[in-house]
Amino acid sequence: MKKNLLKNEGVQSLLASLICVVLGLFLGFVVLLFINPSGAGEAIVTVMKNFLTYSKPATQMKYLGNTLVKTAPLLLCSLSIIFAYKVGLFNIGAAGQYCAGVGLALYSALAWHLPWWACLLIAMAAGALLGAVSGLLKAYCNVNEVISGIMLNWITLYLVNMLLTLVKEPTSPYTFQLSTHGAQAMIPSLGLGALFNNNQYVTLAIPLAIIVAFAVWIILDKTRFGYELRATGNNKNAAKYCGMAEKRNIIVTLIIGGALAGMGAALLYLTGFEQWQCSTSSVPAMGFNGIAAAFLGGLHPVGAILASFFIQHITIGGAYVDKTMYCAQISDLISAIIIYLCGFVLFMKHVMNKGLAKREAKVSAKLAAKNEEKGGDQ
Amino acid sequence: MLLLLLQYTLTFSSVLILVALGGCISERSGVINLGLEGIMVMGAMGGALTMRYMSGTNSGIVIIVMVLLISAAVGMVYSSLLAVACVNFKADQTIVGTALNLLGTAGATVIVKAINTAANPDDVSSVIQYMGPKQAFLVKMGGFEFNWFMAVTAVALVLVYVMLFKTRFGLRLRACGEHPQAADSVGINVYKMRWAGVLISGALGGLGGIVFITAGVSEWRFEYGVAGFGFLSLAVMIFGQWNPLRIALSALLFGLFRALSNVYMGFDFLAALNLPSQVYNMMPYIISLVVLAFTSKKSRAPKAEGIPYDKGQR
């Protein structure tokens, strides 16, 4: 019997994610209706259109480039979450690891004047160090990694503010412009910028992020090391019984997760796209949006690529809504609704499987009835 | 100056106690409630809006009661999102909790901005001011400003302790968190108990939220959420080993450090150290981390927390 396409795990995840997205956008539309009925339809379309709002294809490409620039860090943050989740850990400290990456990437670029790849590696090391702290606390002191992650997020935020105050503009709370003070650290564009209508921020950060996504997939699914990590996540004690060093695995996982988040930070800030505001009072949202992208992508590294692009697409789209009627946070609201709905994915798959089983039962019952009729002749 | 420190300590401790008690009840019933930050923000928004729309003409006691009731009610309604997902649909409690945090901050910002813009098209901020009604909560005793919220916290502490350890309901609640299958076998409706646990934690979280935003300030910018206080309360809960009295003691410790960051300028020996203000901001989190590192080894969480209840399993 031909295997029903719907039974494929991957297809089910994709369908479930699509349902979450459509429902999320619809609920966002309902919220917009509540706020101001007259412009709601147009607003939700604006959020979805994002860069397509512009009429000329050249401008569209340029703003598509902007969306891609911010997709790369989001993708890496979501990979950080996915990697840790596969091992049974919820790396909510990714936001702090991202923050640490920002701090050290910018500092090494602006104060130490290092080339871009050195800054990238230092940022990864910073994130990895933070991850190691969470990992050590979890492995040896049994501290829940969610709590230690949150505490470290805030500690890192204040430390980074203190650090980057040393390299900021004298009159504003923003750090120095990378193009003027640290041009040697800007990620090379290798001609990619020309593809997007000379968008100077599009660099090889984007293909690098995609390569890392595939690397994470290969490590987790196709190597022995990845298998050990996943086994530790499924059942810590069973893994220990088999001789896997479960304490070491936890620490290594969080180190890798931290390095991924730190890399994401470097890939954004070393393009010169944004500057850090030294009076930032809350942990940057990129780490938390990474959670949204991770779950929307069905916790699969390749799915995360698409999910990150989508989340970033609607986040930036939110900035184009008519400010007199709505606020830009509407896209944060839609993202949050989508990840809430992602919690129901297991239930959705259960419903899909039940529906399929019922149909199969009906089909086989019909077949059995037909055979019974024929059986009389045999 | 010492009185001011005491005042701030009691205020911040009240927030931590209320929210940690909420988390404690929810986890004792078996549902990890990571969405406390979102619940705090929503409750705070409800309370702040109440204060804004009630002018000073209402008597003090009416304002106090209305604000408390509405904050708790909004918190309860919001936490029902967690309950329905985790208890009825068996979703992963960590994800749903995190989703509620993001949803709470975003939702509150959207709602407040919408209300502000509707009132005055030029006002696109997410700030709510409530100077007037806030005064109803304060009672000056000498140099010390006693806030009615502190009394509410003390009452809540006693009520929760009595409920958890001296009533039949509390016993059944705790059973659902330790071994829900056993509880089910004697006829306790585990779903109803877990719903109750989450709703109570929502009410307490909402109360904690409104106490937080009225601590010392007369307006609040809702874009900032609650600055990680929800998670700080979770740390207090773990340090307090899910026991109301120990939670209160830990909350006082953390509240003290948090209060220090507001008033350190008034102490000569601290001001002389010339530490940047960021260090004081970091203090509560660093202390929590250190304390947790030393006390989590023997941590005894409710055994069945975080595991969605499945009637079919043994």
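All of these numbers come straight from a predicted model, not from anything done at the bench. Every chain is numbered from 1, with letters handed out A, B, ... down the list of sequences.
Both the backbone and the side chain of A:I339 come within less than 4.5 Å of a heavy atom of chain B. Interface remark: A:V283 contributes no atoms to any contact with chain B (heavy atom separation under 4.5 Å). B:I111 does not touch chain A: none of its heavy atoms, backbone or side chain, sits under 4.5 Å away. With a 4.5 angstrom heavy-atom cutoff, B:L81 touches chain A via backbone and side-chain atoms both. With a 4.5 Å cut-off on non-hydrogen atoms, A:Y340 touches chain B through its backbone and its side chain both. Heavy atoms closer than 4.5 Å to chain B are found in both the backbone and the side chain of A:I337.
Side-chain atoms of A:N353 and A:Q12 include a donor-acceptor pair closer than 3.5 Å. B:W195 and B:N88 form a side-chain donor-acceptor contact under 3.5 Å, judged by distance and modelled atom types alone. Side chains of A:K86 and A:T253: a donor-acceptor N/O pair is absent below 3.5 angstrom, by distance only.
If you tally non-hydrogen atom pairs under 4.5 Å between each of A:I155, A:L159, A:N142 and chain B, the highest count goes to A:I155. Contacts with chain A were tallied for B:G38, B:G97, B:A99; B:A99 has the most, counting heavy-atom pairs under 4.5 Å. Ranking B:L34, B:T109, B:I115 against chain A, the residue ahead of the rest is B:T109, based on heavy-atom pairs under 4.5 Å.
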Checking ring pair (Phe, Tyr, Trp, His ring centres under 6.0 Å) for the pair A:Y85/A:F295: CA distance, chi angles, key distance, verdict? CA-CA 10 Å; A:Y85 199 80; A:F295 283 101; 5.3 Å; yes
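You'll find the side chain of B:M42 stays beyond 4.5 Å of the side chain of B:S79, heavy atoms only.
The aromatic rings of B:F239 and B:F254 lie tilted to each other, with the angle between the two planes from 30° to 60°.
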